[in-house]
Amino acid sequence: MLRLSPLSRRRWHNFRANRRAYWSLVVFAVLFGISLFAEFLANDRPLLVRHRGEFFFPIFRFYPETAFGGDFRTEAIYRDVEVQCLIVAAGHEACWDDPAGVLAEARASGTVAGEAVDRGWILWPPIPYSYRTVNEIPGSAPSPPDRNHWLGTDDTARDVLARVIYGFRLSVTFALIVTFLTSVIGIFAGAVQGFFGGLIDLIFQRIIEIWASTPSLYIIIIVAAIWRMNFWLLVILTTLFGWTALVGVVRAEFLRARNFEYVRAARALGVGNMAIMFRHLLPNAMVATLTILPFLITGAIGGLAALDFLGFGLPSSAPSLGELTLQAKQNLQAPWPGFTAFFVFAVMLSLLVFIFEGVRDAFDPRKLYR
């Protein structure tokens, strides 16, 4: 059983007392937890298949079409009516002549032309489309919302709801990783500057001034022109130009507190510099640090969306909310992608800001909620 210290319990009680932050955390945790299982919610591969008395798990494993009585050794395309007929009708030869009719007959009565078959079945996810699935739709794309595509499709006939689920997970994961890396680097750099001061602080300040004045967007454009952009390359580039945001506030807190009495007492007792910095001084700098974190995490989400909107972020096949916004701009006659992108961004960023406001107040010793 996890036992919290009195200070941690006080912080948790303060956070729970802020009901807006607490319920924002609950809602965000539920939404992000659901998006972590996106493959089980929106996928063009079945969750489970029963064929000739055996069970198959296409969502986890590769199965060729020959495993279900087909002719090709490539992966079975489960959305094709021929493959579904082979699965449900136990590979009956009539599936090649009239697959739709045979499939309907096998599902209804378990027989094909009066001949009994070992009827199989397919268990699909709630949304039988992946973020990259190109669907057959009546009319032209983008198509409006209907009973098959609850939020419509984009200009390449991909399901918008599936792309939103995957895009939400991608955006939040990207923001959390970037925020963690930039926080670690920025806090360490600011702590070293503020604690030691002098020449070290002077040299670091000049380096940070030069580095912060570098046009990061131009660098990312140049890198995107040389290498194919991917998730981790974008994380590295964003971290390289984002770590300076925390240095100033952490440095100021360490400069203010490094000559306090308890720091002098720790030095007199022989406590090492690293222990003083991160065990005694860093907790005092956490309130100022947590004040910046909402801007870091929302800035990372906005930066990813902006790069994707401009075409210098992730590939267009990736489930990006920025790419969905770009499609809304290019297809003004179809407002559903724009409304969807706006609603998702508004909810996601608002929840994150409310959560970090509660975390900041919970770490502030001057605030006590009843």
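Excluded from the calculations below are hydrogen atoms, water molecules and symmetry mates; all remaining heavy atoms, backbone and side chain alike, are included.
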Reported [atom1]-to-[atom2] distance for the pair [X] and [Y], which is rounded to 0.5 angstrom:
X: Trp232; Y: Ile177; atom1: CH2; atom2: CD1; value: 4.0 Å
X: Thr179; Y: Leu293; atom1: OG1; atom2: CG; value: 7.0 Å
X: Ile297; Y: Leu352; atom1: CD1; atom2: CG; value: 4.5 Å
X: Phe180; Y: Thr239; atom1: CZ; atom2: OG1; value: 11.0 Å
X: Phe15; Y: Glu357; atom1: CZ; atom2: CD; value: 11.0 Å
X: Ser317; Y: Tyr131; atom1: OG; atom2: OH; value: 6.5 Å

Under 4.5 Å between any side-chain heavy atoms of [X] and [Y], yes or no?
X: Leu282; Y: Glu253; value: no
X: Glu82; Y: Glu65; value: no
X: Phe32; Y: Ser35; value: yes
X: Pro128; Y: Asp44; value: no
X: Arg267; Y: Val263; value: yes
X: Leu324; Y: Thr340; value: yes
X: Leu151; Y: Trp336; value: no
X: Val27; Y: Leu31; value: yes

Would you call Arg79 and Glu136 a salt bridge, using N to O less than 4.0 angstrom?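 No.
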Should Glu39 and Arg169 count as an ion pair when the cut-off is N to O under 4.0 Å?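 Arg169 and Glu39: salt-bridged.
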Would Val192 and Leu246 show up in the same hydrophobic cluster when neighbours are defined by side-chain heavy atoms closer than 4.5 Å?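 Result: yes, single cluster for both.
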Single hit among Leu202, Ile208, Ile203 for side chain to side chain contact (heavy atoms under 4.5 Å, CB included) with Arg206: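 Of all the options given, the one that passes is Leu202.
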[X] side chain to [Y] main-chain N or O, any donor-acceptor pair under 3.5 Å?
X: Tyr262; Y: Leu281; answer: no
X: Asp154; Y: Thr156; answer: yes
X: Ser213; Y: Ile210; answer: yes
X: Ser320; Y: Ser316; answer: no
X: Trp243; Y: Leu240; answer: yes
X: Asp146; Y: His149; answer: yes
X: Asn43; Y: Ser130; answer: no
X: Thr133; Y: Asn135; answer: no
X: Asn230; Y: Leu233; answer: yes

Heavy-atom closest pair, residues [X] and [Y]:
X: Pro125; Y: Pro46; value: CD-CA, 4.3 Å
X: Asn148; Y: Asp159; value: O-OD1, 4.3 Å
X: Gln330; Y: Asp155; value: OE1-OD2, 4.2 Å
X: Val271; Y: Ala275; value: CG1-CB, 3.6 Å
X: Arg50; Y: Ile87; value: O-CG2, 3.8 Å
X: Asp201; Y: Arg251; value: OD1-NE, 2.8 Å

Glu323 and Arg163: side-chain contact (heavy atoms from CB on, under 4.5 Å), yes or no, with the steps? CA-CA 10 Å; Glu323 194 267 343; Arg163 292 185 66 82; 3.2 Å; yes
Think Arg16 forms a cation-pi with Tyr22, using NZ or CZ under 6.0 Å from the six-ring centre and within 45 degrees of its axis?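 Verdict for Tyr22: a cation-pi partner in Arg16.
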If you draw the axis of the six-membered ring of Phe195, does the NZ or CZ of Arg258 fall within 45° of it and under 6.0 Å from the ring centre?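 That pair does not qualify as a cation-pi contact.
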Determine, step by step, whether Phe356 and Phe295 satisfy the side-chain contact (heavy atoms from CB on, under 4.5 Å) criterion, reporting the C-alpha distance in whole Å, the side-chain angles of both residues, the deciding distance to 0.1 Å, and the verdict. CA-CA 10 Å; Phe356 278 98; Phe295 301 100; over 6 Å; no
Check whether more than 12 heavy atoms from other residues, nucleotides or ligands sit under 6.0 Å from atom [atom1] of [X], and answer yes or no.
X: Phe343; atom1: CZ; result: no
X: Tyr218; atom1: OH; result: no
X: Trp121; atom1: CH2; result: yes
X: Phe204; atom1: CZ; result: no
X: Ile77; atom1: CD1; result: no
X: Arg256; atom1: CZ; result: yes

Between Tyr78 and Tyr63, is the side-chain contact (heavy atoms from CB on, under 4.5 Å) condition met? List the steps. CA-CA 10 Å; Tyr78 300 95; Tyr63 294 106; 3.5 Å; yes
Check: Phe68 ring centre within less than 6.0 Å of Phe56 ring centre: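 Yes: the rings meet the under 6.0 Å criterion.
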Below 6.0 angstrom between ring centroids: does that apply to Phe40 and Phe60?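 Yes, the ring centres sit under 6.0 Å apart.
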Using the side-chain contact (heavy atoms from CB on, under 4.5 Å) rule, take Gln327 and Arg158 through it: C-alpha gap first, then chi angles, then the decisive distance, then the call. CA-CA 12 Å; Gln327 292 202 22; Arg158 297 173 296 188; 3.4 Å; yes
Worked verdict on Phe241 versus Trp211 for ring pair (Phe, Tyr, Trp, His ring centres under 6.0 Å): CA-CA 8 Å; Phe241 295 103; Trp211 189 254; 5.4 Å; yes
